[in-house]
Amino acid sequence: MADVKKVNDQGAPVVGYDDAAIEAEFRAKRQAQIAQDCSLPFDPEAVLEVRHLRKCFPMEKTLTGKVTKELVAVDDISFKLYPGETLGIVGESGCGKTTAGRAILKLHQPSGGQIIFDGQDITHFNSKQMRQIRKKMQIIFQDPYSSLPPRDTVGGILSEPVEVHKIVPKDQVKNYVLELMDKCGLRDYYFERYPHEFSGGQRQRICIARALSVSPKLVICDEPVSALDVSIQAQIINLLKKLQREMDLAYVFISHDLSVVKFISDKIGVMYLGSMVEFGTKEDIFREPLHPYTKALFSAVPNPDPTVKMDRIKLEGDIPSPADPPKGCRFHTRCPYAQEVCKHVPPENREVTAGHFVACHLV
Amino acid sequence: MAKENSNKGYLSGKEIRAIAKSNAKEMKRLEAYKNRRCPESEFLSQMADDDNILEIQDLHTFFFTEQGVVKAVNGVSYDVPKNSVVGVVGESGCGKSVTSMSVMRLIQGPTGQIVDGSIRFKSNEYVLDGKGQPIPDGDGGYRMEEKVYDIAKMPMREIHRIRGKQVAMIFQEPMTSLNPVFTIGQQLDEVTLLHMPGATKQIAKEKSEDMLRLVGIIPENVYNAFPHELSGGMRQRVMIAMALAAEPRLIIADEPTTALDVTIQAQILDLLQDIKNKIDGSILLITHDLGVIAEMADYVVVMYAGKVIEKGTVLEIFQDPRHPYTIGLQKSKPTMTLDDDTELYNIPGNVPNPIDMPSHCYFKERCSMCTKKCSGEYPGMVQVSPTHFVACHLYDEETAHG
Amino acid sequence: MDELEMKQEDVLETDVPLDKNVRLMSPTQMLLRRFFRSKLSIIGLVMVVGLFLFCFLGPMVYTQWGETQIDKSGMVEYSTSKATYTVDGVTYELHQTLERQESDNAYSAPSASHPLGTDDQGYDVLARLMYGGRVSLLVSFMTVILMTVLGVIMGGISGYFGGIADNIIMRICDILMCLPGIPILMILSSAMDGWVELQLIEEGMRIYILMFFLTLISWPGIARLVRGQILSLREQEYMVAAEAMGYSTGRKIFKHLVPNVMPQLIVQMSLSLGSMILYEATLSYLNMGIKAPYTAWGSMINIITTDPDILQNYPTIWVPAGVCIVIAVLGFNFVGDGLRDALDPKARR
């Protein structure tokens, strides 16, 4: 595939790459792959199956509303998630991890690919159909301050979803909520209080309780601990793990903090500029990171041991803007091992060992 | 409303009025003290140890809010030795930032006030003649002299002596710390023009370019750029260059890498490491990230709920932590090398509300090593090694024979 | 060491949370505290409440005179004139006394029976002030409420649904904001003269119809405010959470969005009340207001256009109404400002 070369007028090959031709070939190949994968039968065991998910946002429009330029926030990610499992998605700002999470919940309508939740293809569900399915999939946000309505009491916030979805009969709602609050480590006298009276950790517990009030099967945790203090972080992570065991929940845990992701996840996907550059089980990824970006990310984490001097893989420069991603491999502008081929040919997602996928020419 | 009034969890109207009344009185007094005129002798002081550049002693910074007095900094003491990096670590609301803001006297009045204590800072400034002009020393420079100021006692009109020139600050938010309507060059030049006697535009530009090179930026690309054209990492580099431009003796870095991505954070930390050796000054590094502290700092101060609970060299704090909070903090952070993933150690409970602090140890409710003594009065600082201090009753015996 | 372990169990069992003892202010207390901290808002509140008591309870206390009751106690005026003429060397002086009797006691100076005197028709100024205030306040209140309802609906639709609806509504807003209020109402009023002649409408309805038209052109301010608020609230994570919860659109709008727009809306409403009172007064002053025998504050000032003598010599007839208008406008504005400071969590001092 890397052999597509520029050809001059006489038909003689020119040294270098024909970017347009490469892109066309890459696209055609991927179209075929997507068509093939999306026609596969659903995995009955999996609670969530994402196939080639893609989300674009229009950036420029003509007067008639035709989109002329797009920002590809999530480009072709696929994974399967079984009950009781946690998928960690790691990446830096602008890598599309939050968008991916929201696209899975269909808070953003996906631009391509398939989302199979609980044995149903929900990609093209309308809002009425979605409303039925919402109680089975929930989300926890990063900012515990803006994710709770400020003018409602804790009791009100937690009872509302229970009442709307008629989880329990009306006269049992309060007991149900109190039980839930106890499960999430909230005291019963919080019922009458307002969110602004609580610290970040307690607010995050309220958010978790709200998400779990409708007994979902899948919870997307969008950086649930990054706004919290270290000692509170540990409490929340333990709480999430405890609830997962008790309720057999599947988590998609989105975070930029590798150590947290390592602790909580079973599978890990590393994202860079919208695409998943490496995917595998936690053991695969942490024992033997293959993608240079994963390696760099791991070595960039400051080590809380002053005696260890780490040998860092230094990444030069900044993350390119997702609105204008580099050609070829998106990481080549910062990759310490980048070669000529990386600058022109987008790498394919290859399965190196069973279940361990890497998108890099050098692996 | 009736429901809320009957709820014992809220203050009554009478209490609210009493709080407001006493606050107004205190705030008025402190505001007057801040704005007074006084001779220099009143805020000149002496260092306890001549090797230190900054000595904070028994500092109290309070916020007089409508709900009561928030004792954000409640008797904090620590020193910053010459040419060293002191890391202050603690969770949000522990007063680490308020302490550094007190050093810069950036506490927003009239609500926030330095109530008590002293902040002694050894400044190195130009000797001025009668007309306020610096006196040349004959070597092309100017005559300098060292003075020790007590920043906490300085009236606001004298603060310009230390702000920017002697103590510079690097903020957390690189996005909002640069003025968007001026170019990077203009903002950098201004620092030199303001603080260096006899600086011309040419000199300032040369200096700015030197500073940009020092922080790893090619000046040609950035000097004429506006802040919005730069990425977060670049802006933080510019902020560091700005802080360095006046050649301060002390740089306060308040969470300098928190808002950055991991790979960019690694770049900035490398840069700070590098700069630390190149400049003649100390860095006061404030962060909640133990990893950053371990990599950067020589000395560590651990704060909890407005008090210093442990301080020592970086090795002492990380290899031989004594205070249960420090121990817990280190254990509760999942690390890359941790393999056991059943349950994370965690400190139960929450940071106490800063209003109405108990008189006993603030950590008592969350502590797993409590003794009977902990219900007594707040523990004093115990010296466990020449450089290692801890405020915990568990080590009370060690003072007896140490 | 035993003691240590035992103690730990104790701690876990009793486990009194620290925040149980901490007492904060309830949201209502916080709001009241912030509102009453400013002296101006207290003054404003006193002004507004005072005016309302004056207008709506006043007539029950001050019962001597009704709104349309003319003081028929009459007025007797004696004028004397003297004439001298000489007939045959004898000078005669002639004294003439004329008794002028009028049934109406008009232009009377303040006295015990008329604390603020009477006007040119013999109405009691104080009583008219009270009844006129009712009209002025009522009309402005109705206008503001109508305008707010219209604005919330329009702004809500355009903010929540966006797209074409947003475009159309905002363009209508732009157009309406270009229209000059008073001239349009003047044109309308003269058109109404015709309708009154044709007996399509009653004369007394004129001010109400005019104010109704005023709401039709003054809702864009509220609509824009609501739209802006909803746009920013929609981005809040709790709205995304409500979406993820699968709540219906109606619940999302009325349970989650509208209550959060209310603070700004209340502020805007109290500020608009002031300007609506001014509008009503202006219309009445321009003789487009309520017609005799009924009155409003603006109409009471309108008297000075009919007779310059009143402007100069009888200030008791028109100054009180002017003072009332000033108090009302200032009061509503002070209250509005106070509410804005109290409701804005960022404006903490």
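None of these values were measured; they are calculated from a predicted model. Quick note on labels: first sequence line is chain A, next is B, and so on, each numbered from 1.
Annotation: side chain of A:Asp222 is not in contact with side chain of C:Glu237 (no heavy-atom distance under 4.5 Å). Residues A:Ile139 and C:Val240 fail the side-chain proximity criterion, which asks for heavy atoms closer than 4.5 Å. A:Leu105 places none of its side-chain heavy atoms less than 4.5 Å from the side chain of C:Glu243.
Interatomic distance, A:Asp143 CG to C:Gln236 CD, rounded to the nearest 0.5 Å: 8.5 Å. With values rounded to the nearest 0.5 angstrom, A:Glu160 atom CD is found 9.0 Å from C:Met245 atom CE.
Interface residue A:Leu148: only backbone heavy atoms are found under 4.5 Å from chain C. Heavy atoms of A:Arg210 lying under 4.5 Å from chain C belong to its backbone as well as its side chain.
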- Message: Set out, in order, the CA-CA distance, both residues' side-chain angles and the distance that settles side chain to side chain contact (heavy atoms under 4.5 Å, CB included) for C:Thr249 and A:Arg131, then state yes or no.
- Response: CA-CA 11 Å; C:Thr249 311; A:Arg131 223 170 277 155; 4.0 Å; yes
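With chain A as the partner, the residue from C:Lys255, C:Met262, C:Met239 showing the most heavy-atom pairs under 4.5 Å is C:Lys255. For the options A:Ser213, A:Ala211, A:Pro149, heavy-atom pairs under 4.5 Å to chain C are most numerous at A:Pro149.
A 6.0 Å sphere centred on CZ of C:Phe56 holds more than 12 heavy atoms belonging to other residues, nucleotides or ligands. In this structure, A:Glu179 places its CD atom where only 12 or fewer heavy-atom neighbours from other residues, nucleotides or ligands lie under 6.0 Å away. With a 6.0 Å radius and a threshold of 12 heavy atoms from other residues, nucleotides or ligands, A:Tyr176 has its OH atom above the threshold.
Scanning both residues, A:Phe141 and C:Ala241, for their nearest heavy atoms gives CE1-CB, 3.6 Å. Here the closest heavy-atom approach between residue C:Ala244 and residue A:Arg134 is recorded as O-CD, 3.0 Å.
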